[in-house]
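So you know, we letter chains A, B, ... as the sequences are listed, proteins then strands, and number each from 1.
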Amino acid sequence: DTEVTQTPKHLVMGMTNKKSLKCEQHMGHRAMYWYKQKAKKPPELMFVYSYEKLSINESVPSRFSPECPNSSLLNLHLHALQPEDSALYLCASSQGRGLGNTEAFFGQGTRLTVV
Amino acid sequence: QQQVKQSPQSLIVQKGGISIINCAYENTAFDYFPWYQQFPGKGPALLIAIRPDVSEKKEGRFTISFNKSAKQFSLHIMDSQPGDSATYFCAASEYGQNFVFGPGTRLSVLP
């Protein structure tokens with residue numbers, strides 16, 4: 001099983017709303033990632049969690065708040081977003097730093113529209 | 001600073017032809033180089049990957065060639081099919097984390 005599950009698949013939110021994106025994997029991976037992808041662009045790294053600890057924050061605005069409750073789950077809390085934050089948000093996981101197998105698997109993404 | 005360069009930006013190939021996409025990197029600490037295929041509205045799917053101690057890896061119709069001294073690697077798709085029409089991203093990572101993507105190549109395979 002190489003599946004990374006993201007919910008919801010689509011989300012429309014107003015600029016004053018608070019919402020959360022969820023990601024789950026059961027491959028025993030210890031590194032999990034959030035990426036943002038705009039149309040016709042490559043995925044851009046936002047956050048990296050390694051062993052449930054935030055290891056990288058690529059200067060992402062504070063209106064995006066990641067959370068890793070356990071080794072299988074990753075959340076992205078959204079608050080006071082701007083229309084330019086509309087994008088496909090991708091979750092990914094890999095086995096983790098120095099753990100041999102380095103394959104990373106992506107979920108299908110959440111298509112976020114901020115109105 | 002673009003850490004992984006990719007060309008061409010778009011590619012049109014006839015059915016049965018060979019599709020070739022090239023990538024180059026700058027960071028010599030990268031030690032894992034995957035290729036991803038992405039269809040519209042879907043997440044990237046891992047196609048094939050290579051480590052710098054191997055010069056070539058083949059899986060079915062897909063082959064990666066790797067040139068460590070030139071810091072370049074390429075994807076060859078043999079017998080290209082219309083179903084291969086997608087966007088292809090090369091990527092690179094260090095210690096199996098922090099994947100950096102190339103800008104992507106939009107492949108169209110004509111029937």
Side-chain angles (χ1 to χ4, degrees), chain A residues 2-7 9-10 21 23-25 27-51 53-58 87-113, chain B residues 1-11 21 23-25 27 29-54 57 59 62 64 66 86-108:
Chain A
T2 58
E3 189 171 4
V4 176
T5 303
Q6 289 188 244
T7 55
K9 288 184 171 53
H10 302 276
L21 309 184
C23 174
E24 189 169 4
Q25 57 87 16
M27 294 178 276
H29 288 174
R30 302 312 298 272
M32 296 187 75
Y33 314 78
W34 281 114
Y35 282 84
K36 174 182 177 179
Q37 187 177 27
K38 300 283 272 186
K40 300 184 179 181
K41 296 291 185 182
E44 293 181 9
L45 184 64
M46 299 175 71
F47 302 103
V48 180
Y49 271 83
S50 180
Y51 292 86
K53 293 185 179 179
L54 183 64
S55 64
I56 292 180
N57 175 341
E58 291 286 358
L88 182 67
Y89 287 84
L90 295 162
C91 174
S93 70
S94 69
Q95 202 161 59
R97 187 180 182 95
L99 290 180
N101 189 334
T102 49
E103 294 176 329
F105 298 96
F106 282 79
Q108 294 301 299
T110 293
R111 173 68 63 187
L112 174 67
T113 303
Chain B
Q1 181 183 5
Q2 189 177 29
Q3 295 193 59
V4 179
K5 298 180 180 179
Q6 183 173 347
S7 63
Q9 187 175 8
S10 62
L11 180 61
I21 304 171
C23 284
Y25 63 98
N27 185 352
F30 288 145
D31 60 2
Y32 177 70
F33 302 88
W35 284 89
Y36 286 88
Q37 178 190 59
Q38 187 175 29
F39 293 104
K42 303 294 185 182
L46 179 64
L47 261 183
I48 186 172
I50 198 167
R51 291 187 173 278
D53 54 349
V54 177
K57 183 176 181 179
E59 290 184 0
F62 301 95
I64 300 179
F66 189 88
T87 299
Y88 292 81
F89 293 101
C90 61
S93 78
E94 192 177 340
Y95 303 118
Q97 290 194 163
N98 313 349
F99 291 80
V100 178
F101 285 79
T105 295
R106 182 168 289 188
L107 172 65
S108 296

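- For the atom pair A:Glu103 CD and B:Ser93 OG, the distance stands at 11.0 Å (nearest 0.5 Å).
- Using a 4.5 Å cut-off between heavy atoms, B:Pro44 contacts chain A through both its backbone and its side chain.
- For A:Glu58, no part lies under 4.5 angstrom from a heavy atom of chain B.
- Ranked by non-hydrogen atom pairs under 4.5 Å with chain B, the options A:Ala92, A:Ala104, A:Ser55 are led by A:Ala104.
- Remark: A:Ala87 pairs with A:Lys36, A:Lys38, A:Tyr89 by the side-chain contact (heavy atoms from CB on, under 4.5 Å) rule, at least two apart or across chains.
- Ring centers of B:Phe101 and A:Phe106: under 6.0 Å apart, within the cut-off.
- Partners of A:Glu44 under the side-chain contact (heavy atoms from CB on, under 4.5 Å) rule, at least two apart in sequence or in another chain, do not exist in this structure.
- Contact annotation for B:Phe99: both backbone and side-chain heavy atoms come within less than 4.5 Å of a heavy atom of chain A.
- Of all the heavy atoms in B:Gln38 and A:Leu88, the pair that sits closest is NE2-CD2, 4.1 Å.
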